[in-house]
Protein chains: 2
Amino acid sequence: MDEHRKAELNQILVLFYLAYRTFTDKPDQILSKYHLQRVHHRILFFVGHFPGLTIQQLLTVLEVSKQALHRPLKQLVELGLIRYTPAIHDKRSRLLTLTDAGQALEQELSGGQRQFLDQIFRTAGEGAEEAWVHIMAALSEKRPAFHFVEDLRRNTDE
Amino acid sequence: MDEHRKAELNQILVLFYLAYRTFTDKPDQILSKYHLQRVHHRILFFVGHFPGLTIQQLLTVLEVSKQALHRPLKQLVELGLIRYTPAIHDKRSRLLTLTDAGQALEQELSGGQRQFLDQIFRTAGEGAEEAWVHIMAALSEKRPAFHFVEDLRRNTDE
DNA sequence: GAATTTAGGTCAATTATATTGACTTAATTA
DNA sequence: TAATTAAGTCAATATAATTGACCTAAATTC
């Protein structure tokens, strides 16, 4: 790889870093109002997107330890943002869903991100969204959690 | 926004999350071998990409407090990965550059990221890189650090 | 020239968080 | 019945960030 291309890719690495930070910035500000952190947003988002997720599944997608998830999840339940619904097939599992308040906060946190992306995709040229998604999927697909989430989605869609 | 589009954008949010995690995963593994963290990679990357960066500028792009930067930067200097070169114009400033060992580690950390991106862009369709960059820039451009980095780049190029 | 500001360095206290390991209960599966 | 699994919790340790204070030396401003 020549120096010019390396410099070009470095600018791209900077963009990736800044874009991700910008992306989590507004939600982080909202979270801090409630004394919550990034991990709380992740929990709310995944439970909102995959209603009925179990704790085990949540641990798998977030790739954190059970002990690390314990406190933030407990807080969200105590705040009345997440509730357990009993699982019929396996009474050991606890199915996670958002309460109305949880849905409202999730919307407050992720809604801006969705609108921001939607607006950028709409103003970008034809096929830009597909290209972006293709590249992000290529970046993700070596990851075990990627396939796990794909399987989750397929099961949820049924 | 209808439910279908919301679900579509949620999948995209998942991709963003997973792509970024995948992206920092290998470097994080390498860092842990040296008992270093993400912030050390960021420092090495930005100093490597902008040789002669001052501490103030580094604080601005990383958006951390002086005290938060202090320890990891000190460690990198003590490990012989980063060196101060005296500033002629302002003797208060300390210009940061990578040592040979620092360049080697930076290459080990970011080189894989650059190659990974380069390969994906090459196998993606025509214009995919431009589209991706356009979108990531749109996501970044509201950020003060984005313009700061743009200015830095212009000054470095001169 | 004196006063102020700026770049950088450091210490201490507090707070937050993650990690490892161990242990428990209840339910399911082999 | 025995072994495994989902979930919950405690404790100890280590890591990290944050706030606030204080310091030196160099540069600017008045």
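A note on names: the letters A, B, ... follow the listed sequences, proteins ahead of strands, and every chain is numbered from 1.
Residue-to-nucleotide contacts include no donor-acceptor pair under 3.5 Å from the side chain of Lys74(B) to the base of dG9(C). For dT6(C), its base sits under 3.5 Å from the side chain of Arg92(B) at one donor and acceptor pair at least.
Applying the 4.0 Å criterion to OP1 and OP2 of dA7(C), one finds that Tyr84(B) has every side-chain N and O outside that range. Between Arg71(A) and dA18(C), a side-chain N or O to OP1/OP2 separation shorter than 4.0 Å is present. The shortest distance between the side-chain N/O atoms of Arg94(A) and the OP1/OP2 oxygens of dA6(D) is not below 4.0 Å. Taking 4.0 angstrom as the limit, His70(A) places a side-chain polar atom (N or O) nearer than this to OP1 or OP2 of dT9(D).
Within the nucleic acid shown, Gln67(A) comes within 4.0 Å of at least one base atom, counting heavy atoms only.
Which of dG8(D), dA27(C), dA26(D) sits closest to the side chain of Lys91(B) comes down to dA26(D). When the nucleotides dT28(C), dG8(C), dG20(D) are ranked by their closest atom to the side chain of Ser93(B), dG8(C) comes out on top. Among the nucleotides dA26(D), dT19(D), dT15(D), the one closest to the side chain of Ser65(B) is dT19(D). The Gln56(B) side chain lies nearest to dA7(C) when the options are dT17(C), dA7(C), dA27(C).
Distance OG/Ser110(A) to CG/Asn10(B): 6.5 Å, rounded to 0.5 Å. A distance of 7.0 Å separates CG of Leu31(A) from CG of Leu105(A), quoted to the nearest 0.5 Å. Here the CD atom belonging to Gln56(B) is positioned 11.0 Å from the CG atom belonging to Asp90(B), to the nearest 0.5 angstrom.
For the pairing with Phe16(A), the ring-ring contact (aromatic ring centres under 6.0 Å, His included) check across Phe116(B), Phe45(B), Trp132(B) returns one residue only, Trp132(B).
Separating the CG atom of Leu95(A) from the C1' atom of dA6(D) is a distance of 12 Å, rounded to the nearest angstrom.
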